[in-house]
Number of protein chains: 2
Amino acid sequence: MRISALAAEAGLPVATVKFYLREGLLHAGTATSATQAAYDESHLRRLRLVRALLGPVGLSVQQAHAVLQLVDDPGDDLYATLGRAVSALPPAAAERGDASDPFPRARAALAALGQVYDPDFPAVAQLEGALAAAESAGMPISAERLAHYGRALSDVAEFDLARMPDEPHAAVEYTVLGTALYEPVLTALRRLAHQDAAVRRLRGAG
Amino acid sequence: MRISALAAEAGLPVATVKFYLREGLLHAGTATSATQAAYDESHLRRLRLVRALLGPVGLSVQQAHAVLQLVDDPGDDLYATLGRAVSALPPAAAERGDASDPFPRARAALAALGQVYDPDFPAVAQLEGALAAAESAGMPISAERLAHYGRALSDVAEFDLARMPDEPHAAVEYTVLGTALYEPVLTALRRLAHQDAAVRRLRGAG
DNA sequence: ATGATTGGATAGTGTTACTCTCCAATATTA
DNA sequence: TAATATTGGAGAGTAACACTATCCAATCAT
């Protein structure tokens, strides 16, 4: 398969495929001569993944590159790799404040939930940022709400973890792509559940 | 309070505050002369909200404008206003396909969950887009997983709905800002719950 | 043999979210 | 009151981003 066929199958302009090659989002084809290379199914699959990450998931090219690199070759330390990979995904995290207690809101929240607090895990900074944003926007999150949310999402996490593959490479792919691809599903489902509940409530009232 | 004081309190350059005024994200101050205007607490609160929407929540200026306009004056139809407001938030939705069945994946998913399917509600298109992205990236979402996620988020929705104010204006503000500000909290909590579950699992194994 | 296509490089485009500069009118300070 | 600073408003400029277009000599297809 040459580049024009690849681009056509993926539904992209050739120029865009070349751009992804240059940016390292897509591995090069096998050269068959000085001015020709062959592409296969793996390139097509990768292109579809790239499009999903750049489009619906909303990653930048840089973020997608970071994520794909970790999926392609995860290091020895599975735990650290997962942390790094997930930190490449939006939303943006808070900067760490006071050195002795960099993420006070997140620390308190996790303590209340009875969960591990590790300031080096990037999602902690994300939680801090999200809590701080809600607070500064005048809609702070109550402990009660946090507890409720935490319970619901622990439930989701248990489900996901139970289905995580054992083999490290597959585990990283599952975790990273699962986070990137399934989070939008979760937010859409939340909104729809809201709508559903609202409709039932209006019906009951009307 | 003049513009320089307002900007200083909000921690923003004066030029940026002027930019928000131009873009309609911030209401004008009350003019005290041809070249002076006074700003008050309401402007400061609004600036904090705008920063939260543009920063951690990740809205574009356009999206933030749309959201704020609906919060500022919601129409008569509460249900339609909420739909419109939430549709202004990311992630991007799928385009509707075949006219007779524009969102097949979302329709099937909602049927399985026993929830209302209304193709005009924008979150349906978001769900379709997210499901399609996962599928085309090679990680389709099983019915089992969807059911599990749906249950967990219905739980979240029930909690939120029970706390929704009765007065229409307040209800729109609660729903829209709640969605914008609390969704990042939910995704952060999901990631942390994963980490927590993973740590416990590694500990158990090691 | 001849026209089209390729990989590779470089430059250009449209969008977004600011940021800078300028202005005459007004405030503040000396 | 004179000198200096700041204001609201408008327009142009900028940096990052994700492509997109153009060009080239080498090669392929017919």
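Each chain gets a letter, A, B and so on, in the order its sequence line appears, and its residues count up from 1.
Here L21(A) lies out of heavy-atom contact (under 4.0 Å) with every strand. Base contact: A15(B) has a heavy atom under 4.0 Å from a base atom.
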Q. For nucleotides 23-30 of chain C, read 5' to 3', which letter fits each nucleotide if B means a protein heavy atom sits under 4.0 Å from the base, S means only the sugar-phosphate is that close, and - means neither?
A. --BSSS--
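Rounded to an integer number of Å, the gap from H43(A) NE2 to dG7(C) P is 11 Å. The nearest whole Å value for the distance from the CG atom in L26(A) to the P atom in dG8(C) is 12 Å. Between the CG atom of L53(A) and the P atom of dA18(D) there is a distance of 13 Å, rounded to whole Å. What separates CG of L25(A) from P of dA18(D) is a distance of 10 Å, to the nearest Å. In this entry the distance linking CZ of R22(A) with P of dT6(C) reads 16 Å, nearest Å. Spacing between atom CD of E23(B) and atom C1' of dG11(D) amounts to 14 Å, rounded to whole angstrom units. Taking atom CD on Q62(B) and atom P on dC18(C), their separation rounds to 14 Å, with Å as the unit. Taking atom CD1 of I3(A) as the reference point, atom P of dA26(D) lies 20 Å away to the nearest angstrom.
Distances shorter than 4.0 Å separate none of the side-chain N or O atoms of Y39(A) from OP1 or OP2 on dT6(C). The phosphate of dA18(D) (OP1 or OP2) has no side-chain N or O of T16(A) nearer than 4.0 angstrom. For dC18(C), one of the phosphate oxygens OP1 or OP2 lies less than 4.0 angstrom from a side-chain nitrogen or oxygen of Y20(B).
Using modelled atom types and a 3.5 Å distance limit, the side chains of T32(A) and R2(A) yield no donor-acceptor pair. With hydrogens and angles left out, the side-chain atoms of S60(A) and H65(A) include no donor and acceptor closer than 3.5 Å.
Looking only at distances, a side-chain donor or acceptor of H169(A) sits under 3.5 Å from a matching main-chain atom of V71(A). Although no hydrogens or angles enter the test, the distance criterion places a donor-acceptor pair under 3.5 Å between the side chain of T175(A) and the main chain of A171(A).
Closest contact between the side chain of F19(A) and the listed nucleotides dG8(D), dT19(C), dT20(D) involves dT20(D). Looking at the side chain of R51(B), the nearest of the listed nucleotides dT7(D), dC18(C), dA11(C) is dC18(C). For K18(A), taking side-chain heavy atoms from C-beta onward, the closest of the listed nucleotides dT20(D), dG8(C), dT7(D) is dG8(C).
For the pair A28(A) and L21(A), the tightest heavy-atom approach, listed with the atom from each and the gap, is CA-CD2, 3.9 Å. Nearest heavy-atom pair, G150(A) versus L189(B), reported as atom, atom and distance to 0.1 Å: N-CD1, 4.1 Å.
Note that R163(A) lies in the cation-pi zone of F159(A), set by a 6.0 Å cut-off to the ring centre and a 45° limit from the axis.
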